*Asks:* 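Starting off with a structure, shown below.
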Amino acid sequence: MDAVPADLRDRCIALAGLFQSVRLVQQTASGERRDAVATVACLGSIFNTDPATALEVYGSLAALRPGLETLLGQLGSDSTQRDMQLTGYAIALLHLERKLNRDADMLRNLGDSIANIAAQSAHLDPSDPAVIAALGELYSQTISTLQPRIMVKGEQSILTGTESRNMIRALLLGGIRAAVLWRQCGGNRVQLLFRRKALLRDCRQLLEEARRDG
């Protein structure tokens with residue numbers, strides 16, 4: 001099979017990162033078990049602000065395998081595999097990222113704060129509760145002030161818990177990181193509407209690579 005051209009590959013990686021983030025949000029909110037590697041990849045992506053490649057943001061295709069699998073289900077022709085809740089979260093994050101990109105002050109604040117969190121937690125894993133709490137608070141102070149706010153659905157007892165609430169917000173910030181990457185790689189709404197077949201083809205190929213690597 002021919003290699004995926006770099007620009008298409010990068011856009012597919014960005015979309016997989018986005019759908020991996022929202023799938024992890026959904027799992028957290030409903031009390032499902034999260035993939036630990038996928039979680040670390042999404043949280044760690046927030047701190048990787050100057051990558052040489054799109055893949056470097058997440059470390060490896062194997063770490064993006066759940067996102068690629070989710071994206072494949074969303075893009076495929078089998079409507080029974082589609083999850084409209086995930087689609088709603090993803091579209092909302094892409095919309096919020098466009099608003100963020102037009103807000104220079106918030107962008108600067110977000111970048112400075114992420115750098116500060118990275119410096120203060122250099123010896124910690126991205127999934128450490130202290131890091132997650134800091135990222136969750138940052139999301140609350142920045143992205144959460146933009147409209148419309150994302151309303152996550154799930155078990156009320158989980159949504160009101162401090163740890164799960166922090167995790168959901170941190171993962172949503174990871175979704176914003178993926179949306180930024182999507183835009184930086186040339187992604188836009190037109191491609192989502194009219195290049196679905198090309199994205200689907202690229203997603204299948206990248207998933208094959210992820211399964212071999214994993």
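Every heavy atom of this structure was used, including side-chain atoms; hydrogens, water molecules and symmetry mates were not. Everything numeric in this text was worked out from a predicted model, so none of it was measured. Residue indices begin at 1 and follow the sequence shown.
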*Asks:* Provide the closest heavy-atom pair for Leu181 versus Tyr58 in the form atom of the first, atom of the second, distance.
*Replies:* CD2-CE1, 4.0 Å
*Asks:* As a quick check of understanding, evaluate side chain to side chain contact (heavy atoms under 4.5 Å, CB included) for Val131 and Asp125, giving each step before the final call.
*Replies:* CA-CA 8 Å; Val131 178; Asp125 187 273; over 6 Å; no
*Asks:* Report the distance from atom CG of Leu24 to atom CD1 of Ile168, rounding to the nearest 0.5 Å.
*Replies:* 11.0 Å
*Asks:* Does a salt bridge link Arg165 with Glu137, judged by any charged N lying under 4.0 Å from a carboxylate O?
*Replies:* no
*Asks:* Are Leu207 and Arg65 close enough that some pair of their side-chain heavy atoms sits under 4.5 Å apart?
*Replies:* yes
*Asks:* Is the shortest heavy-atom distance from the side chain of Thr145 to the side chain of Met106 under 4.5 Å?
*Replies:* yes
*Asks:* Go through the steps to decide whether Arg98 and Arg189 satisfy the test side chain to side chain contact (heavy atoms under 4.5 Å, CB included), and finish with yes or no.
*Replies:* CA-CA 11 Å; Arg98 289 196 297 274; Arg189 284 176 289 181; 3.7 Å; yes
*Asks:* Let me check something: do Leu124 and Val37 share a hydrophobic cluster, defined by ILVMFWY side-chain heavy atoms less than 4.5 Å apart, either directly or through other members?
*Replies:* no
*Asks:* On a heavy-atom basis, which atom in Ile46 and which in Ala170 lie closest, and how many Å separate them?
*Replies:* CD1-O, 3.6 Å
*Asks:* How close do Leu68 and Ala210 get, counting heavy atoms only, and between which atoms?
*Replies:* CD1-CB, 4.0 Å
*Asks:* Is there a donor-acceptor pair under 3.5 Å between the side chain of Arg177 and the backbone N or O of Ser45?
*Replies:* yes
*Asks:* Assess whether a salt bridge exists between Glu97 and Arg102, defined as any Lys/Arg side-chain N lying under 4.0 Å from an Asp/Glu carboxylate O.
*Replies:* no
*Asks:* What distance separates His95 NE2 from Leu100 CG, expressed to the nearest 0.5 Å?
*Replies:* 12.0 Å
*Asks:* Would you say Leu96 and Ile150 make side-chain contact, with heavy atoms under 4.5 Å?
*Replies:* yes
*Asks:* Should the pair Glu209-Arg204 be classified as a salt bridge under the 4.0 Å nitrogen-to-oxygen rule?
*Replies:* no
*Asks:* Which is it for Glu69 and Arg211 under the side chain to side chain contact (heavy atoms under 4.5 Å, CB included) test, yes or no, and what are the steps along the way?
*Replies:* CA-CA 10 Å; Glu69 290 173 340; Arg211 287 168 174 164; 3.8 Å; yes
*Asks:* Ignoring hydrogens and angles, tell me if any N or O in the side chain of Lys99 forms a donor-acceptor pair with the backbone of Gln147 under 3.5 Å.
*Replies:* yes
*Asks:* Are Val22 and Leu146 co-members of a hydrophobic cluster defined by side-chain heavy atoms under 4.5 Å apart?
*Replies:* yes
*Asks:* Ignoring hydrogens and geometry, is there a side-chain-to-backbone donor-acceptor pair from Gln26 to Leu86 under 3.5 Å?
*Replies:* no
*Asks:* Quick one: do Thr28 and Arg34 satisfy side chain to side chain donor-acceptor pair (under 3.5 Å)? Show the steps, please.
*Replies:* CA-CA 7 Å; Thr28 303; Arg34 288 189 313 271; 3.1 Å; yes
*Asks:* Is it the case that one hydrophobic cluster holds both Val40 and Val25, taking links as side-chain heavy atoms less than 4.5 Å apart, direct or via other members?
*Replies:* no
*Asks:* Enter the distance from Thr70:OG1 to Asp83:CG here, rounded to the nearest 0.5 Å.
*Replies:* 9.0 Å
*Asks:* What distance separates Leu206 CG from Leu15 CG, expressed to the nearest 0.5 Å?
*Replies:* 11.0 Å
*Asks:* Between Leu64 and Phe47, is there a shared hydrophobic cluster once you connect ILVMFWY residues whose side-chain heavy atoms come closer than 4.5 Å?
*Replies:* yes
*Asks:* Over all heavy atoms of both residues, which pair between Ala29 and Lys153 is shortest? Give the atoms and the distance, please.
*Replies:* CB-O, 3.4 Å
*Asks:* Is Gln20 close to Leu71 at the side-chain level, that is, under 4.5 Å between some pair of heavy atoms?
*Replies:* no
*Asks:* Taking the side chain as everything from C-beta on, heavy atoms only, tell me whether Leu172 gets closer than 4.5 Å to Val152.
*Replies:* yes
*Asks:* State, yes or no, whether a side-chain contact exists between Phe19 and Leu72 at a heavy-atom distance under 4.5 Å.
*Replies:* no
*Asks:* Same cluster or not: are Ile91 and Tyr139 linked, directly or through other Ile, Leu, Val, Met, Phe, Trp or Tyr residues, by side-chain heavy atoms under 4.5 angstrom apart?
*Replies:* no
*Asks:* Please check: side-chain N/O of Asn48 versus main-chain N/O of Glu56, any donor-acceptor pairing under 3.5 Å?
*Replies:* yes
*Asks:* Quick one: closest heavy-atom pair of Leu138 and Ser113, and the distance?
*Replies:* CD1-CB, 3.5 Å
*Asks:* Answer yes or no: is there a side-chain heavy-atom contact under 4.5 Å between Leu18 and Leu94?
*Replies:* yes
*Asks:* Could you state the interatomic distance from CD (Gln27) to CE (Met167), rounded to the nearest 0.5 Å?
*Replies:* 11.0 Å
*Asks:* Carefully, step by step, assess Lys197 and Leu75 under the rule side chain to side chain contact (heavy atoms under 4.5 Å, CB included).
*Replies:* CA-CA 8 Å; Lys197 288 185 178 179; Leu75 292 175; over 6 Å; no
*Asks:* Glu155 and Ser157: side chain to side chain donor-acceptor pair (under 3.5 Å), yes or no, with the steps?
*Replies:* CA-CA 6 Å; Glu155 296 291 332; Ser157 59; 5.0 Å; no
*Asks:* Please indicate whether Glu163 has more than 12 foreign heavy atoms, meaning atoms of other residues, nucleotides or ligands, lying under 6.0 Å from its CD.
*Replies:* no
*Asks:* Any chance the side chains of Arg149 and Ser144 put a donor and an acceptor closer than 3.5 Å?
*Replies:* yes
*Asks:* For atom CZ of Arg82, is the number of surrounding heavy atoms from other residues, nucleotides or ligands below 6.0 Å larger than 12?
*Replies:* yes
*Asks:* Below 4.5 Å, heavy atoms only, C-beta onward: do Leu43 and Thr39 meet side chain to side chain?
*Replies:* yes
*Asks:* Which atoms form the tightest heavy-atom contact between Gly175 and Ser21, and what is the distance?
*Replies:* N-OG, 3.4 Å
*Asks:* Which distance, rounded to the nearest 0.5 Å, do you find between the CG of Leu173 and the SG of Cys42?
*Replies:* 11.0 Å
*Asks:* Does any N or O in the side chain of Ser121 come within less than 3.5 Å of the main-chain N or O of Ile117, such that one atom is a donor and the other an acceptor?
*Replies:* yes
